Structure formats: structure tokens, C-alpha cells
Amino acid sequence: MIFDPEKIYWQSHRGGGGYEAPDNTLFSVKYGWSLGGTPEVDVRLTRDKKVICLHDNTLARTTDAPAQIGDLPVKELDFSTIRQFDAGSKFSSANAGEKVPELREVFALLQQEPDKMLYADIKNYDAELFPVLLEEFGKLVDDYGVASQIIVANGYYEINCQLKDAFPEIRTMQWIGYTPGERMESFRNLEKHDFAKLDLVQLHLYPLDEPVDHWMYDLPLADIQYALNALGHKLELFVVGAFTEDAIKTLLDMQVRRFATDEPMRFSKILRRNGY
């Protein structure tokens with residue numbers, strides 16, 4: 001996909017971050033696309049090796065599963081058990097009936113939208129599950145022929161390198177959180193590798209309790225400019241939680257062209273008001 005400098009590219013985190021849509025559902029995937037963004041799903045493995053879309057390690061937060069099931073790690077549950085529970089009604093009665101989807105269901109939607117993209121955040125990192133997840137993920141990518149439409153995301157450089165080696169067509173993104181100092185240290189470590197095998201790098205921006213010099217985020221603008229100089233349009237900024245139009249305008253004026261947000265509707269309205 002060719003980069004257009006006049007366009008703003010943005011991720012609908014978890015499809016709607018739990019703010020505007022029940023996260024990691026088929027509804028939230030379609031919701032993100034409907035607003036002009038790229039939805040994100042989180043990818044986990046069940047006991048019977050089904051690849052599902054779920055942010056948390058358990059069903060407790062997002063579904064109506066009873067505690068004796070909801071508090072168990074999903075890697076200890078079969079998909080047939082997970083599928084029994086509602087993944088939408090906790091968010092809104094209008095979303096009652098949504099289920100935790102298999103990744104294959106999301107890929108089936110993606111296959112029908114050849115001009116759309118999807119983020120997939122890999123959540124099983126442990127030595128036991130990751131190789132199995134990688135194998136099952138790869139089978140689904142091949143089955144649906146969607147490699148060029150996927151951006152795989154996680155927080156580990158070594159895993160991103162493995163993913164790029166396994167699926168050259170897939171775009172890889174490394175996200176970087178933690179404290180400002182740790183974020184920039186991690187960024188500079190990637191810079192030492194010349195960002196090899198990474199298509200995007202995402203820096204998290206956390207809101208301050210009180211703005212400093214009219215800037216509402218914990219990462220100074222000088223650090224953002226440094227990262228932008230190093231990466232250009234390959235830099236993505238995740239505006240975690242609350243954000244203001246002034247803050248977004250500041251970043252747009254700096255020529256930041258990629259974002260991630262938990263509030264896709266509000267973000268898209270800001271873009272439209274600013275001519276994007």
C-alpha cells in the first residue's frame with residue numbers, strides 16, 4: 001500500500017477501546033472501518049488451538065461468563081466454552097449477542113474488503129504457546145490470502161523479526177510503552193538496529209495530570225520530533241485515553257501522520273474539522 005502524505009492513517013484500538021464499541025468483536029472491526037480507520041484485534045490461543053480475538057487473558061472483563069469460567073486463562077478453555085458467553089452486553093444492551101470471534105471470522109470479513117487493513121496484536125508470548133500460535137496464525141493468513149492487509153503488532157523486537165521472516169508480506173509494528181525515559185531508550189535501541197524488519201514503530205503518549213507548557217502528554221515534544229526525524233511516516237503515536245483537539249492539531253502540524261486511539265469517532269471528527 002502506497003503512503004499518501006496528505007492522508008492521516010489511524011488505528012481504532014481494540015476496535016473502539018471499550019469506549020465506543022465492545023472491544024475485539026466483529027461489530028468493533030466493522031465500526032473502525034466505517035469511520036475510516038484500521039481496527040485492531042488482540043490474538044490469543046485457546047486450549048484446543050483456536051485463534052481468537054481477546055485483549056485480556058480471561059473472559060471476566062468483557063463477557064458475561066460466570067466467575068468459575070471468567071477468571072480462568074483462556075488458554076485453559078476450549079473455544080466451544082468461550083463461545084457460549086456474550087461479549088457485547090456488558091458494553092451496551094444494543095450489542096447483546098456479540099461473541100468472542102475466531103480470527104478466521106475477522107479474516108473472512110477482511111477478505112471481502114481488499115482495500116482495508118487490520119492490526120493483529122499478538123498476546124501469547126510464552127515459549128510454549130507462541131510457536132503454536134505462530135503456526136495457526138500462519139495457516140489462517142494463507143487460507144484467506146490476507147497477508148498484505150495485516151499489520152502485526154507486539155512489544156518485542158525478536159518476535160517481530162520472527163514474524164517478518166515467517167510472513168514477508170505482513171507489515172510489522174513494535175509498540176513501546178512504559179515511562180518516557182524507558183520509551184526513548186527502547187526507541188534508540190531499535191534505531192541501533194536501523195529498525196530492521198519493522199514497518200512501523202508506535203510510541204505511547206500518556207496524559208499528564210497537569211499539562212506542562214500547554215502540552216498534555218508525558219513524552220516531550222522534543223522526543224516526538226526526534227522519533228519523527230528518525231522514522232518519518234513510519235512513526236505511529238498512540239494517544240492513550242483522553243485527548244484534546246489542540247494536542248492532535250499540534251501533532252498534525254509536526255507532520256505526524258499515523259495515530260492510534262481508543263475513541264475513533266471523536267478522533268475522526270477532529271480530523272474532519274481540520275481538513276483531513
Side-chain angles (χ1 to χ4, degrees), residues 7-25 27-42 54-56 60-62 87-88 90-92 94-95 119 121 123 151 153-155 173-184 186-187 200-228 235-276:
K7 182 179 175 181
I8 305 302
Y9 298 82
W10 56 276
Q11 176 196 139
S12 179
H13 183 235
R14 293 174 9 214
Y19 289 85
E20 295 181 5
D23 68 72
N24 280 275
T25 58
F27 176 89
S28 69
V29 169
K30 290 182 278 190
Y31 180 72
W33 283 333
S34 74
L35 296 171
T38 298
E40 182 231 22
V41 294
D42 299 284
L54 187 72
H55 181 272
D56 299 359
R61 178 178 64 86
T62 57
K90 273 193 171 182
F91 176 80
S92 166
N95 295 109
Y119 285 85
D121 192 336
K123 291 300 185 186
I151 302 166
N154 70 89
M173 184 188 81
Q174 178 142 346
W175 55 259
I176 306 175
Y178 314 110
T179 68
E182 289 171 322
R183 257 170 278 165
M184 293 312 295
S186 294
F187 185 88
L200 300 171
V201 176
Q202 182 191 83
L203 288 175
H204 291 193
L205 304 185
Y206 299 101
L208 296 166
D209 292 333
E210 294 291 337
V212 175
D213 295 329
H214 305 290
W215 179 238
M216 67 173 291
Y217 287 107
D218 63 340
L219 196 65
L221 287 169
D223 286 341
I224 295 173
Q225 187 63 62
Y226 178 91
L228 193 58
L235 176 69
E236 180 172 291
L237 298 181
F238 181 11
V239 286
V240 180
F243 57 87
T244 65
E245 184 159 351
D246 284 346
I248 300 302
K249 286 174 66 176
T250 295
L251 295 170
L252 291 171
D253 289 345
M254 291 174 69
Q255 299 302 304
V256 175
R257 288 297 178 261
R258 295 187 188 272
F259 295 84
T261 175
D262 288 314
E263 299 181 70
M265 175 68 81
R266 193 160 75 87
F267 185 81
S268 64
K269 287 180 177 179
I270 288 174
L271 292 184
R272 288 198 296 274
R273 283 198 294 270
N274 286 273
Y276 294 99

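Since the model is a prediction, treat every value here as computed from it, not as a measurement. Index from 1, following the sequence.
When every heavy atom of Pro39 is checked against every heavy atom of Ser28, the shortest pair comes out as CB-O, 4.2 Å. Trp10 and Gly32 get closest at one heavy-atom pair: CH2-O, 4.5 Å. For the residue pair Ala21 and Tyr31, the shortest heavy atom distance occurs at CB-CD2, 4.0 Å. In terms of heavy atoms, Phe243 sits closest to Arg266 at O-NH2, 2.8 Å. Here the shortest heavy-atom pairing between Met216 and Ala247 reads SD-CB, 3.7 Å. Scanning all heavy atoms of the two residues, the minimum distance from Leu208 to Tyr217 falls at CD1-O, 3.3 Å.
Rounded to the nearest 0.5 angstrom, Arg258 CZ and Leu237 CG are separated by 11.5 Å. Atom-to-atom distance recorded for Lys269:NZ and Leu35:CG is 9.5 Å, nearest 0.5 angstrom. Rounding to the nearest 0.5 Å gives a distance of 6.0 Å between CG of Leu235 and CZ of Phe187. Once rounded to the nearest 0.5 Å, the distance linking NE2 of His13 with CH2 of Trp175 reads 9.0 Å. Annotation: the span from Glu236 atom CD to Ile151 atom CD1 amounts to 7.0 Å, rounded to 0.5 Å. Asp23 CG to Arg61 CZ: the interatomic distance, rounded to the nearest 0.5 Å, is 4.5 Å.
With Asn24 contributing its side chain and Asp42 its backbone, the two residues share a donor-acceptor pair below 3.5 Å. One N or O on the side chain of Glu20 and one on the backbone of Met265 form a donor-acceptor pair closer than 3.5 Å. Remark: side-chain polar atoms of Glu40 are paired, donor with acceptor, to backbone N or O of Arg14 under 3.5 angstrom. Looking at Lys90, its side chain does come within 3.5 Å of a backbone N or O of Ala60 through a donor-acceptor pair.
Between Arg183 and Asp218 there is a salt bridge, with a side-chain nitrogen of the basic residue lying less than 4.0 Å from a carboxylate oxygen of the acidic one.
Within a 6.0 Å sphere centred on OH of Tyr276, other residues, nucleotides and ligands contribute more than 12 heavy atoms.
Residues Asp121 and Val41 form no side-chain contact, since every pair of their non-hydrogen atoms from C-beta on lies 4.5 Å or further apart. You'll find the side chain of Pro220 stays beyond 4.5 Å of the side chain of Trp215, heavy atoms only. Put simply, the side chain of Leu200 does not reach to within 4.5 Å of the side chain of Tyr9, judged on heavy atoms. Between Asn274 and Ile8 the shortest side-chain heavy-atom distance does not fall below 4.5 Å. Looking only at side-chain heavy atoms (C-beta outward), Ile224 and Met254 come within less than 4.5 Å of each other.
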Problem - Residues Leu251, Phe259; criterion side chain to side chain contact (heavy atoms under 4.5 Å, CB included); working and verdict - result: CA-CA 10 Å; Leu251 295 170; Phe259 295 84; 3.8 Å; yes

Show your reasoning for whether side chain to side chain contact (heavy atoms under 4.5 Å, CB included) applies to His214 and Asp246. CA-CA 9 Å; His214 305 290; Asp246 284 346; over 6 Å; no

Leu203 and Leu219: side chain to side chain contact (heavy atoms under 4.5 Å, CB included), yes or no, with the steps? CA-CA 9 Å; Leu203 288 175; Leu219 196 65; 4.0 Å; yes

